[in-house]
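Indexing begins at 1, ligand by ligand and atom by atom, following the structure's order.
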Amino acid sequence: MSILSIFVNGIAVLMVTVPVPVALFSQQPAHVPAGSFDPQIATAVHEVSAARIQQTIEKLVSFETRQTLSSDMPASTGKGANAAAGWIQSEFERYSKDCGGCLEVKTAEFIQEPGPRVPKPTKITNVYAVLRGNDPANADRIVLVTGHYDSRNSDTNDATAPAPGANDDGSGTAVSLECARVLSKHRFPATIIFLTVAGEEQGLYGSAHFAKMAKAQGWDLEAVLNNDIVGGDRTPGDTLQDPHVVRVFSEGIPSTADEKQLKTIRALGGENDGPSRQLARYIASVAREYLPPATLQPLIVFRRDRYLRGGDHFSFNEQGYAAVRFTEFRENYNHQHQNVRIENGIEYGDLPKFMDYDYTANVARLNAATLASLASAPAPPANVRLLTKELQNDSTLAWEASPGGLATGYEVLWRDTAASDWQHVQAVGNVIRATVPVSKDNVVFAVRALDAKGHRSLAIVPMPER
Ligand SMILES: [Zn+2]
């Protein structure tokens with residue numbers, strides 16, 4: 001390794017050229033790790049409780065319906081969206097009491113104007129809790145977990161008939177709450193937000209309102225984890241469900257890419273490297289670190305969502321944020337968006353009896369480990385470039401230091417263009433420029449920051465610089 005110092009704006013900056021031994025290519029681990037094992041994160045993961053998740057989901061079901069249009073029903077009836085929102089708020093407040101007031105519990109209420117599934121002006125309430133980062137230089141960085149607490153039955157606009165919504169999306173709501181409960185016992189440099197939204201079934205209204213608020217206020221939202229239908233449906237006789245797999249959907253090309261950016265993506269083969277996809281890869285590596293394979297592993301799906309379906313991650317994607325969706329391996333359509341009934345011997349309805357609480361707990365563990373890993377890690381390096389001024393077989397990458405002061409070094413990642421995940425990692429030290437003897441024409445590169453304990457940031461794919 002050759003090292004020299006240069007001066008940038010009067011500050012000495014190390015530059016490094018890294019000779020990569022040929023043997024490195026065969027000695028690489030099967031997967032590039034997300035970070036070093038952190039006992040604090042493992043403790044939080046361990047504290048996730050299937051019994052607590054069951055209590056949460058059963059309580060949510062007890063409101064009979066949480067359909068968004070039921071928000072004109074007074075909370076005092078103990079039924080409807082208002083009563084559910086009030087209970088979620090009180091639950092966040094209870095967790096906060098247990099951590100000395102560490103959570104800021106908030107509601108964001110607005111009136112949704114009429115639309116296709118909103119026949120009259122309707123109150124929608126998002127409820128969330130903020131675990132503020134304990135490092136002032138990193139507290140403005142935010143990672144977020146969400147689920148939608150509204151439910152529906154066969155008729156999207158039926159606000160009165162039962163809509164238990166145990167799986168869709170009591171399960172995702174329970175994941176957000178359980179992450180708040182276990183992570184509020186710990187402190188992280190960056191901020192974590194635990195969100196529950198309504199209006200999803202009427203057209204993603206709650207999440208759209210929240211994502212637009214984040215954008216308007218200039219939030220540095222690094223990652224959004226949307227959990228929707230993570231109940232692990234158990235139907236007697238169904239042998240095709242896999243209780244050890246959760247699907248993670250992510251868009252490849254950012255929803256917000258403009259014509260110029262699309263041109264660059266086409267030219268470079270960047271269709272598989274948008275920020276949401278980097279987040280999905282990060283989740284896969286976190287799972288390998290913190291969840292034994294016998295419990296749960298993510299199935300990374302290179303697709304924005306399932307056919308004919310959408311979810312709250314879209315709202316965040318459309319504001320330019322990295323956002324992914326967690327969903328159980330195999331859905332049972334008799335147990336979602338259905339009136340509760342028995343017809344021709346088939347039981348319909350989104351009922352607690354079909355839930356696998358151990359499964360939802362494992363999904364919550366993966367969410368908690370991902371949130372904790374990102375909130376512990378340095379910010380990603382900024383303005384990452386691949387220098388393409390000259391034709392050469394080596395590749396030189398340059399970047400600006402990770403803001404916030406946590407980074408103690410950087411790693412260059414790469415993979416074959418046809419590979420789905422990072423295959424190689426090279427530590428390059430605390431530098432802002434590195435050269436590796438690998439042709440940029442043959443691989444995809446990225447750079448990430450790491451701290452002294454080995455927490456890694458999200459990977460940033462470089463833009464070419466001529
Ligand atoms: Zn849903």
Side-chain angles (χ1 to χ4, degrees), residues 53 56-57 60-61 63 65-71 81 84-85 88 112 116-118 124-128 144-159 162-178 194-211 224-233 246-250 301 303-318 323-340 348-352 354-356 359-360 363-364 367:
I53 283 170
T56 299
I57 291 171
L60 290 168
V61 170
F63 297 108
T65 181
R66 308 185 302 280
Q67 207 266 5
T68 300
L69 304 173
S70 71
S71 67
I88 292 166
Q112 179 59 46
R117 295 177 174 188
V118 181
I124 295 179
T125 306
N126 295 328
V127 187
Y128 61 107
L144 182 149
V145 59
T146 187
H148 71 86
Y149 72 83
D150 64 307
S151 63
R152 60 164 287 184
N153 54 36
S154 302
D155 175 358
T156 325
N157 287 0
D158 178 352
N167 196 348
D168 187 10
D169 184 28
S171 63
T173 304
V175 166
S176 189
L177 283 165
E178 187 64 359
F194 310 93
L195 174 63
T196 67
V197 299
E200 197 271 354
E201 303 290 7
Q202 311 311 116
L204 312 181
Y205 289 117
S207 58
H209 183 267
F210 196 91
V224 173
L225 312 181
N226 175 34
N227 290 266
D228 196 350
I229 312 177
V230 290
D233 181 90
V246 63
R247 291 179 290 172
V248 178
F249 292 88
S250 61
V301 183
R303 179 169 286 150
R304 201 182 183 209
D305 207 326
R306 303 101 73 226
Y307 283 93
L308 303 173
R309 308 299 286 272
D312 288 323
H313 54 309
F314 286 15
S315 296
F316 291 93
N317 287 154
E318 279 154 19
V324 301
R325 176 194 185 118
F326 292 78
T327 296
E328 65 191 15
F329 178 68
R330 186 177 159 88
E331 294 166 78
N332 186 322
Y333 304 108
N334 294 339
H335 300 158
Q336 46 178 267
H337 302 192
Q338 293 283 353
N339 284 346
V340 177
Y348 292 87
D350 192 350
L351 298 166
F354 302 119
M355 293 289 296
D356 179 347
Y359 177 84
T360 307
V363 175
N367 274 264

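- With no hydrogens or angles considered, no side-chain donor-acceptor pair links D233 and N167 at under 3.5 Å.
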*Might you work through the side chain to side chain donor-acceptor pair (under 3.5 Å) test for N153 and H337, ending with a clear yes or no?*
CA-CA 4 Å; N153 54 36; H337 302 192; over 6 Å; no
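- The Zn ion (ligand 1) has H148 NE2, D168 OD1, D228 OD1, D228 OD2 as its protein N, O or S neighbours under 2.8 Å.
- Between R247 and E331, at least one side-chain nitrogen of the basic residue sits less than 4.0 Å from a carboxylate oxygen of the acidic one, meeting the salt-bridge criterion.
- Between D305 and R325 there is a salt bridge, with a side-chain nitrogen of the basic residue lying less than 4.0 Å from a carboxylate oxygen of the acidic one.
- Note: F210 and Y128 have perpendicular aromatic rings, judged against thresholds of 30 and 60 degrees for the angle between ring planes.
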*Applying side chain to side chain donor-acceptor pair (under 3.5 Å), run through D228 and H148 and close with a yes or a no.*
CA-CA 7 Å; D228 196 350; H148 71 86; 3.1 Å; yes
